[in-house]
Amino acid sequence: MPIMPGAKLGLLGGGQLGRLFTMAAHYLGYKVIVLDSSPDSPAGHVADRFICADYENSHALEVLSNECAAITTEFENIPAESLRKLAETCVVSPDADSVSIAQNRIAEKQFLAANGFAIAPFEIIGEAGEILETHSTELFPGILKVSQFGYDGKGQRHVKNQAQLEAAFDDLGKATCVLEQLMPLVSEISVIVARGTDGALETFPVAENQHVNGILDISIVPARIPQELIQQAQYLASKVAQKLDYQGVLCVEFFVLEDGQLLINEIAPRPHNSGHYSIDACVTSQFEQQVRILCGMPLGNTTLHSAVVMVNLLGDLWHTGEPDWPFVLQQSSTKLHLYGKTEARPGRKMGHFTVLDETTDKALSKALKIKRQLEQQIKP
Ligand code: ATP
Ligand code: MG
């Protein structure tokens with residue numbers, strides 16, 4: 001039986017992804033209760049009720065399971081145990097097993113490799129709190145990544161040799177890490193997959209992603225890669241969702257190599273920054289799909305109705321004060337999204353804008369002009 005509008009949905013995590021989920025839920029007439037440990041929560045600001053507590057807080061979890069018809073997450077570092085506990089009495093998606101795989105780089109890589117998905121060569125470093133010898137020097141130059149809690153390129157160090165590896169490992173607090181070979185990428189792409197409780201599956205158009213300092217900067221959609229690669233990426237992303245028996249919205253990030261090979265970089269058990277374009281450019285957004293799946297409703301159509309470019313707005317842009325929003329809003333076919341965060345720190349995701357146009361090239365050149373203009377304003 002589907003959960004009907006009017007019901008309360010629970011959300012673990014109160015960041016911008018949760019805020020956009022909450023707004024999508026409101027469009028469909030649902031109410032949302034948000035749980036987050038930080039009082040200044042972008043999702044909490046728009047929720048029907050905000051509970052400020054840890055994700056393990058048994059009282060908070062009890063309130064959610066008593067009041068909500070179904071519960072989801074917007075943050076992969078939710079303790080899988082909390083999801084398991086909630087699932088005893090409540091509909092929960094995605095499930096704890098999928099989240100626990102996606103939240104740990106080692107489990108994630110082992111799952112992908114065991115199921116035949118191509119990934120970058122890697123080794124586990126320091127599992128027992130000390131550095132394990134690398135079996136081959138072929139992984140240098142490489143990237144040392146903490147196995148848990150990394151995001152936006154945080155918890156990562158580029159290393160060229162064993163000495164640098166040891167220094168980087170110390171610098172990362174001797175946490176268990178993976179050392180990944182630095183791959184010669186021609187581009188990066190991602191696919192958002194929505195998979196319902198009945199196994200119904202919809203993939204979104206493929207996004208081409210450009211990162212700066214490990215943080216997503218721009219997504220260009222449709223990706224400027226051959227049609228075969230588009231289909232292959234959508235096929236692989238669907239297979240990942242099926243192998244996990246995943247229910248919910250999943251993002252699969254890929255590296256594209258020179259010879260056209262696709263490697264899976266990582267997966268995220270939730271909507272993703274690289275899918276934000278879907279709010280303005282698709283019939284159904286990634287957030288609406290998350291609501292539909294959670295409520296056991298039919299999936300929406302993911303057709304792209306316009307070429308689109310999404311640009312992230314980081315806190316750096318606030319360096320000399322509030323950016324010139326009237327300038328952004330006066331651009332035709334441009335949509336501005338701000339997350340209501342009160343403190344603009346460098347590197348913090350404060351919002352994004354999307355530019356729609358007939359072709360990705362047109363949308364891209366317009367988006368870059370707007371971006372450059374905003375960046376000009378913070379130059380001394
Ligand atoms: P997020 O969760 O925000 O996507 P993250 O902190 O989990 O980011 P990754 O996706 O692992 O980080 O890496 C961030 C970026 O660093 C990648 O999108 C890519 O640009 C670059 N990168 C990571 N690993 C490699 C690699 N093995 N070879 C080349 N580039 C890499
Ligand atoms: Mg990533």
Side-chain angles (χ1 to χ4, degrees), residues 13 15-17 73-78 99 101-109 111-113 117-125 134 136 138-160 164-165 168 172 175-192 206-220 223 225 233 237 240 249-259 261-277 286 310-315 339 347-350 352:
Q16 63 266 18
L17 298 171
T73 169
E74 59 104 49
F75 177 57
E76 68 253 44
N77 291 321
I78 298 294
V99 174
I101 289 172
Q103 70 189 189
N104 182 310
R105 287 190 198 277
I106 298 170
E108 177 181 62
K109 287 179 188 301
F111 160 81
L112 291 169
F117 296 103
I119 57 174
F122 77 100
E123 293 202 7
I124 300 166
I125 304 292
T134 47
S136 68
E138 278 161 28
L139 293 180
F140 295 125
I143 306 186
L144 187 68
K145 303 180 177 181
V146 290
S147 63
Q148 276 186 288
F149 309 120
Y151 69 99
D152 286 349
K154 291 188 176 66
Q156 301 195 4
R157 298 286 183 279
H158 284 243
V159 291
K160 292 200 182 108
Q164 287 187 0
L165 173 68
L172 293 172
T176 306
C177 286
V178 295
L179 172 63
E180 235 178 84
Q181 189 179 341
L182 186 67
M183 304 308 290
L185 317 180
V186 287
S187 62
E188 292 185 71
I189 58 173
S190 60
V191 180
I192 311 284
V206 178
E208 175 185 338
N209 303 320
Q210 296 179 356
H211 296 80
V212 174
N213 300 325
I215 306 179
L216 182 66
D217 186 34
I218 293 180
S219 293
I220 303 162
I225 54 172
V240 171
V249 172
L250 176 80
C251 175
V252 182
E253 291 182 50
F254 296 90
F255 295 145
V256 185
L257 304 187
E258 226 160 44
D259 60 2
Q261 204 196 340
L262 289 179
L263 302 182
I264 296 184
N265 169 23
E266 59 175 353
I267 60 178
R270 50 170 172 78
H272 194 259
N273 193 175
S274 65
H276 284 1
Y277 74 85
Q286 58 172 350
M310 188 246 22
V311 178
N312 266 339
L313 297 165
L314 300 185
Y339 310 145
R348 190 172 197 209
K349 289 173 180 169
M350 301 296 289
H352 69 272

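Counting begins at 1 with the first residue of the sequence. What you see below is based on every heavy atom in this structure, not just the backbone, and it leaves out hydrogens, waters and symmetry mates. Start at 1 and go down the list; that is how both ligands and their atoms are numbered.
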Determine yes or no for a side-chain-to-main-chain donor-acceptor pair under 3.5 angstrom, with Gln261 supplying the side chain and Leu257 the backbone. no
The closest protein heavy-atom partner of atom 6 (O) of ligand 1 is Gly153 N, 2.7 Å
Counting only heavy atoms closer than 4.0 Å, does ligand 1 sit against the backbone of Asn265, its side chain, both, or neither? side chain
Which residue and atom name correspond to the protein heavy atom nearest atom 18 (O) of ligand 1, and how close is it? Glu188 OE1, 2.6 Å
Considering non-hydrogen atoms of the protein only, which is the closest contact for atom 30 (N) of ligand 1, and what is the distance? Leu185 CD1, 3.6 Å
Taking atom 21 (C) of ligand 1 as the reference point, report whether a protein heavy atom occurs under 4.0 Å from it. no
What protein heavy atom lies closest to atom 3 (O) of ligand 1? Include the residue and the distance to one decimal. Asp152 N, 3.0 Å
So, do Leu139 and Pro121 sit near enough that their side-chain heavy atoms are less than 4.5 Å apart? yes
With a cut-off of 6.0 Å (strictly less than), are more than 12 heavy atoms of other residues, nucleotides or ligands near NZ of Lys154? yes
Any side-chain heavy atom of Lys349 sitting closer than 4.5 Å to one from Ile215? yes
Is there a polar contact between ligand 1 and Met183, counting only N or O atoms under 3.5 Å apart? yes
How far is atom 12 (O) of ligand 1 from its nearest protein heavy atom, and which residue and atom name does that atom have? Gln156 NE2, 2.9 Å
Is it the side chain, the backbone, both or neither of Lys349 that has a heavy atom closer than 4.0 Å to ligand 1? neither
Shortest protein heavy-atom distance from atom 23 (C) of ligand 1, along with the residue and atom involved: Lys145 NZ, 3.3 Å
Just need the protein heavy atom nearest to atom 15 (C) of ligand 1, so name the residue and atom and give the distance. Gly214 CA, 4.3 Å
Would you check, one step at a time, whether the test side chain to side chain donor-acceptor pair (under 3.5 Å) holds for Gln16 with His276? CA-CA 11 Å; Gln16 63 266 18; His276 284 1; 5.8 Å; no
For residues Gly13 and Ile78, report the shortest heavy-atom separation together with the two atoms involved. N-CD1, 4.3 Å
Round to 10° and report the angle made at the Mg ion (ligand 2) by OE2 of Glu266 and OE1 of Glu253. 110°
Ring-plane angle category for His352 and Tyr339, please: parallel below 30°, perpendicular beyond 60°, tilted otherwise. tilted
Identify the closest protein heavy atom to atom 31 (C) of ligand 1: which residue and atom is it, and at what distance? Ile143 CD1, 3.6 Å
Minimum-distance pair of heavy atoms, taken over all atoms of Gln103 and Gln148: O-CG, 3.4 Å
With no hydrogens and no angle check, just 3.5 Å: does a side-chain donor-acceptor pair link Ser147 and Asn104? no
